[in-house]
Amino acid sequence: MRNPYPSIERLMEIQYRIASRVWKTLQPLPRPPRRAVGLDAAYSRRYGGLAVAALVDTASGRLLDYSVALGEPALEYIPGLLAFREAPLFYTAVQHLREDFDLAIVDGHGISHPRRAGIATHVGLAIGKPTVGVAKKRLHGSEIRVQDPSSCSSHPCVLGYLVDDESRRMAYVVLPSRRTRNPIYVSPGAYIDLGSALQVVLSLLRGTKLPLPTHYADKISKRLARMLDEGAVSPRQLKKGLRRIEDFTGG
DNA sequence: GCGACAG
DNA sequence: ATCTTGTCGC
């Protein structure tokens with residue numbers, strides 16, 4: 001893949017600038033979101049990256065719609081610089097959604113990032129809406145445990161949080177369900193604070209390892225990527241819009 | 001030099 | 001992220 005980006009050092013500088021911009025937007029959410037979008041990406045050997053934006057009704061938990069974006073990633077995967085690889089696709093997928101929404105959950109970290117500017121933060125500033133980062137692995141910060149998994153009385157269960165080198169709390173560590181062994185990391189992306197981010201995610205964990213929006217985006221992106229490689233669908237069919245929600249809902 | 005290291 | 005079979009459990 002060709003890299004249209006400036007040097008690694010320059011990309012990191014951009015993130016410091018993004019972090020300074022997002023800092024004052026980390027405020028409590030005025031009201032609970034009614035419609036939330038989940039963003040995730042999968043990879044097709046034949047066509048490259050495939051991002052999916054899955055729209056979910058928060059009250060019912062139902063998948064309302066989804067959109068896709070296809071394209072060769074502009075950068076290889078580099079820890080800390082994931083946003084420069086996947087955020088452009090996420091942004092495009094979001095623009096293709098026909099329905100409106102009030103919050104997005106991104107697969108990856110928000111401010112629990114070495115420069116306080118994870119992919120959820122990049123996306124939040126780009127779309128101008130609240131975003132929450134939900135990652136499956138820790139990227140930055142040390143974990144403070146406040147609860148032992150075996151002592152969780154109900155699920156999801158908050159096990160602790162992630163702090164930076166100045167003891168500032170950046171993310172919550174949550175055990176989604178009783179059966180899941182590994183926790184997930186919840187952090188604010190933009191236009192939302194840590195407490196609200198946690199509440200939103202807890203309310204969308206319904207027995208799944210990931211909150212519903214991201215859960216659906218993950219399933220859909222993986223299936224479509226496989227379908228592309230098997231020749232079951234063509235890129236233009238996807239771009240034209242192939243939305244068979246029943247296939248992912250159980251209807 | 002030795003680890004750590006989202007997806 | 002992706003490469004991959006069987007297997008344990010509700």
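Values below: every heavy atom of this structure, side chains too, minus hydrogens, waters and symmetry copies. By convention in this document, chain letters (A, B, ...) are assigned in the order of the sequence lines, proteins followed by strands, and residues within each chain are numbered from 1. All of these numbers come straight from a predicted model, not from anything done at the bench.
For residues 46-60 of chain A, every residue pair satisfying the side-chain hydrogen bond (donor to acceptor under 3.5 Å, both in side chains) rule, not counting sequence neighbours, is listed here: A:Asp57-A:Ser60. Pairs of residues two or more places apart, or lying in two chains, never qualify as disulfide (SG to SG under 2.5 Å) while including a residue from residues 24-69 of chain A. Residue pairs meeting the side-chain hydrogen bond (donor to acceptor under 3.5 Å, both in side chains) criterion with at least one partner in residues 94-109 of chain A, sequence neighbours excluded, are A:Arg35-A:Glu99, A:Asp100-A:Lys129, A:Asp107-A:Lys136, A:His109-A:Ser112.
The interatomic distance linking A:His122 (NE2) with B:dG7 (C1') rounds to 14 Å, in whole Å. The nearest whole Å value for the distance from the CG atom in A:Leu162 to the P atom in B:dC5 is 11 Å. A straight line from NE2 of A:His140 to C1' of B:dC5 spans 11 Å, rounded to a whole angstrom. With rounding to whole Å, A:Gln15 atom CD is found 12 Å from B:dA6 atom C1'. Atom CD1 in A:Ile105 sits about 21 Å away from atom P in B:dA6, given to the nearest Å. Rounded to an integer number of Å, the gap from CG of A:Leu82 to P of B:dG7 is 8 Å.
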Exercise. Can you check each nucleotide of nucleotides 5-10 of chain C against protein heavy atoms at under 4.0 Å and return B for base, S for sugar-phosphate only, - for none, in 5' to 3' order?
Key: ------

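Listed here is the closest heavy atom pair of A:Ala87 and A:Val123: CB-CG2, 4.1 Å. Here the closest heavy-atom approach between residue A:Ser67 and residue A:Ala93 is recorded as OG-O, 2.6 Å. Between A:Ala53 and A:Val94, the shortest heavy-atom contact is CB-N, 4.3 Å.
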Quiz prompt | Verdict with supporting geometry, A:Asp40 and A:Thr214, side-chain hydrogen bond (donor to acceptor under 3.5 Å, both in side chains) | solution = CA-CA 7 Å; A:Asp40 192 17; A:Thr214 286; over 6 Å; no

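Residues satisfying the salt bridge (charged side-chain N to carboxylate O under 4.0 Å, His left out) criterion with A:Arg34, sequence neighbours excluded, are absent altogether. Residues satisfying the ring-ring contact (aromatic ring centres under 6.0 Å, His included) test with A:Phe101, not counting sequence neighbours, are none. A:Arg145 pairs by the salt bridge (charged side-chain N to carboxylate O under 4.0 Å, His left out) definition with A:Glu143, not counting sequence neighbours.
A chain of hydrophobic side-chain contacts below 4.5 Å, direct or via other Ile, Leu, Val, Met, Phe, Trp or Tyr residues, connects A:Val134 to A:Leu198.
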Please tabulate, one pair per line, all N/O donor-acceptor pairs under 3.5 Å involving side-chain atoms of residues 149-160 of chain A, not counting sequence neighbours.
| from | atom 1 | to | atom 2 | distance (Å) |
| --- | --- | --- | --- | --- |
| A:Ser150 | OG | A:Asp148 | OD2 | 2.4 |
| A:Ser151 | OG | A:Asp148 | N | 3.4 |
| A:Ser151 | OG | A:Asp148 | O | 2.7 |

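Using a 4.0 Å heavy-atom cutoff across all strands shown, A:Gly133 reaches no nucleic acid atom at all. Note on A:Ile184: nothing from the nucleic acid sits closer than 4.0 angstrom, heavy atoms only. Nucleic acid contact for A:His113: base, since at least one base atom lies under 4.0 Å from a heavy atom of the residue.
Shown here is A:Arg168, whose CZ atom has more than 12 heavy atoms of other residues, nucleotides or ligands within 6.0 Å.
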Distances under 3.5 Å between nitrogen or oxygen atoms of protein and nucleotides 1-4 of chain B:
| from | atom 1 | to | atom 2 | distance (Å) |
| --- | --- | --- | --- | --- |
| B:dA4 | O3' | A:Arg138 | NH2 | 3.4 |

Below 3.5 Å is the cut-off: list the nitrogen or oxygen pairs between protein and nucleotides 1-4 of chain C, distance only.
| from | atom 1 | to | atom 2 | distance (Å) |
| --- | --- | --- | --- | --- |
| C:dA1 | OP1 | A:Lys222 | NZ | 3.2 |
| C:dA1 | OP2 | A:Lys136 | NZ | 3.4 |
| C:dT2 | OP1 | A:Tyr43 | N | 3.3 |

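In this structure, A:Arg10 and A:Tyr5 have side chains that are not in contact, with every pair of non-hydrogen atoms separated by 4.5 Å or more. Residues A:Leu204 and A:Arg206 form a side-chain contact, since some pair of their non-hydrogen atoms from C-beta on lies under 4.5 Å apart.
For the strand DNA chain C, secondary-structure stems (runs of at least three Watson-Crick or G-U pairs, all distances below 3.5 Å) are absent.
When atom types are taken as modelled, the side chain of A:Gln15 and the backbone of A:His113 share no donor-acceptor pair closer than 3.5 angstrom.
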Exercise. Dot-bracket for DNA chain B, please, read 5' to 3', with Watson-Crick or G-U wobble pairs under 3.5 Å on both distances, ( ) within the strand, [ ] crossing, | other strand, . unpaired.
Key: .......

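Regarding contacts with the backbone of B:dA6, every side-chain N or O of A:Tyr185 stays at 4.0 angstrom or more from both OP1 and OP2.
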